[in-house]
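Quick notes on the structure that follows.
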Number of protein chains: 2
Amino acid sequence: MTKRKEQFYTARGYEIAAGENALTPSMEDYLEMIYRLSRVNGYTRVNDLAENLNVQPPSVTRMIQKLYDRSLLDYEKYGMIHLTDKGTKLGEYFLDRHNILREFLSLLGVTDDLQRDVETLEHYVSYNNFKVISALVAFMKDNPHFLQEFKKYRKDFLQMEFGKE
Amino acid sequence: MTKRKEQFYTARGYEIAAGENALTPSMEDYLEMIYRLSRVNGYTRVNDLAENLNVQPPSVTRMIQKLYDRSLLDYEKYGMIHLTDKGTKLGEYFLDRHNILREFLSLLGVTDDLQRDVETLEHYVSYNNFKVISALVAFMKDNPHFLQEFKKYRKDFLQMEFGKE
DNA sequence: TAAAAATATTAGTCATAACTAAAAATCAGG
DNA sequence: CCTGATTTTTAGTTATGACTAATATTTTTA
């Protein structure tokens with residue numbers, strides 16, 4: 001049994017390979033935000049989404065239609081946006097993933113651009129990775145000693161390896 | 001001084017905000033691969049890239065032109081592809097980042113789909129995050145007892161939190 | 001060195017998810 | 001209840017990075 005050569009793909013290649021059923025990063029962002037906003041009233045609206053995601057309303061309308069076609073939300077023209085059970089589960093997961101990632105980076109000592117870093121990364125964290133990172137976060141919170149040692153280590157390491165910057 | 005409300009953007013929103021000068025994930029993949037392949041002969045060719053990135057040659061030609069316009073490589077039609085100094089530095093960084101990320105996930109115990117996970121994630125790891133993750137990897141390698149503890153912890157945690165799966 | 005094979009380019013298409021401008025629907029106040 | 005303001009939709013445009021088909025160039029080989 002010869003080891004098959006390791007295959008590489010471009011970022012776009014992986015997106016395409018994921019197929020039509022996979023959610024795109026933008027779809028994930030919308031679901032996550034709909035979930036956030038729905039916690040207030042049980043629903044959200046086109047304009048709220050547009051404002052909170054910093055996009056224009058027409059972009060929201062289009063995306064809502066797409067998510068509707070996938071049965072992730074209920075919607076009628078000019079109406080309210082409600083997540084279906086399926087959409088709710090996904091939204092909740094995306095929010096969890098977001099929060100774990102934020103906690104992870106935060107524990108490691110990332111402070112600058114934390115929000116941006118989390119939002120940029122989150123979509124690309126597979127479920128497998130989400131699980132191990134969750135474990136690491138829990139471990140670090142349960143073992144403050146580990147974290148303390150790491151913080152000392154990090155300081156010297158960054159200085160040595162990357163200089164002042 | 002009131003705290004400005006936390007702003008959210010879609011994945012595409014961040015891409016657009018990054019501006020015209022930023023490299024896209026695909027550009028990064030190409031540079032990383034050109035760097036890899038160039039270590040053999042000092043150069044690479046359109047077909048080699050197409051094969052190794054699993055894309056068609058015309059896609060490579062287009063991308064090469066774009067990277068040429070940014071002075072990241074030297075190229076003449078039908079000729080060899082050489083990275084410029086600027087391109088070399090970037091390619092090297094992307095490869096480092098790739099390897100660190102792989103090591104990180106590997107240490108945490110990710111085995112399934114490791115290659116896919118790394119390639120999917122790497123483009124979205126900011127330089128700041130690269131630095132702290134590098135520190136964490138080094139720390140864990142220097143402190144195998146922590147790693148061992150984590151492995152025990154992880155086993156129970158995953159069982160508890162996520163069940164068998 | 002001429003023909004065949006391999007390699008690379010050009011030209012044109014597609015989907016995604018943004019945008020703007022303009023039209024349509026809904027809602028609120030008098 | 002109708003008019004104006006707000007909200008939402010429709011329609012059409014853009015850039016990215018894939019693709020295929022056809023063409024052009026370079027390299028190999030007979």
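Here is the naming used below: chain letters follow the sequence lines, and residue numbers restart at 1 for every chain.
- In this structure Asp156(B) satisfies the side-chain hydrogen bond (donor to acceptor under 3.5 Å, both in side chains) test with no other residue, sequence neighbours excluded.
- When the side-chain nitrogen and oxygen atoms of Tyr14(A) are compared with OP1 and OP2 of dA18(D), none of them lie within a distance under 4.0 Å.
- One finds the CG atom of Leu67(A) at 9.0 Å from the CG atom of Leu83(A) (value rounded to the nearest 0.5 Å).
- Comparing Arg12(A) and Thr10(B) by the nucleotide of DNA chain C that holds the closest heavy atom to each, the one mapping nearer the 5' end is Arg12(A).
- Atom OH in Tyr30(B) sits roughly 12 Å away from atom C1' in dT16(D) (whole-Å rounding).
- Distance Met27(B) CE to dG17(D) C1': 10 Å, rounded to the nearest Å.
- Ile16(B) has its CD1 atom 13 Å from the P atom of dG17(D), to the nearest Å.
- Applying the 6.0 Å contact sphere to CG of Asn41(B) captures more than 12 heavy atoms from other residues, nucleotides or ligands.
- For the pair Met63(B) CE and dA15(D) P, the interatomic distance rounds to 16 Å; values are reported in whole Å.
- Read 5' to 3', the first and last nucleotides of DNA chain C with an atom closer than 4.0 Å to a heavy atom of chain B are dT7(C) to dA18(C).
- Put simply, CG on Leu67(B) is 12 Å from P on dT16(D), counting in whole angstrom units.
- Side chain of Arg45(B) to main chain of Ile81(B): no donor-acceptor pair is present (N/O by atom type, distance under 3.5 Å, no hydrogens or angles).
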Audit row: Glu92(A), Arg97(A), side chain to side chain contact (heavy atoms under 4.5 Å, CB included) steps and yes/no: CA-CA 9 Å; Glu92(A) 192 181 5; Arg97(A) 193 181 58 181; over 6 Å; no
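- Taking atom CG on Leu53(B) and atom C1' on dC19(D), their separation rounds to 16 Å, with Å as the unit.
- Searching all strands for a Watson-Crick or G-U wobble partner of dA25(C) with both distances below 3.5 Å returns dT6(D).
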Sequence-aligned protein contact record of nucleotides 2-10 of chain D, with B where the base is within under 4.0 Å of a protein heavy atom and S where only the sugar-phosphate is: -----SBBB
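- Within a 6.0 Å sphere centred on OH of Tyr14(A), heavy atoms belonging to other residues, nucleotides or ligands number more than 12.
- For the pair Leu49(B) CG and dA18(D) C1', the computed distance is 15 Å after rounding to whole Å.
- Looking at Glu122(B) and Arg102(B), no side-chain N of the basic residue comes within less than 4.0 Å of a carboxylate O on the acidic one, giving no salt bridge.
- Rounded to whole Å, the distance from CD on Glu15(A) to C1' on dT16(D) is 10 Å.
- Between His82(B) and Tyr43(B), the two ring planes are tilted [angle within 30° to 60°].
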Check against salt bridge (Lys or Arg N to Asp or Glu O under 4.0 Å), Glu161(B) and Lys131(A): CA-CA 9 Å; Glu161(B) 198 77 2; Lys131(A) 288 194 288 187; over 6 Å; no
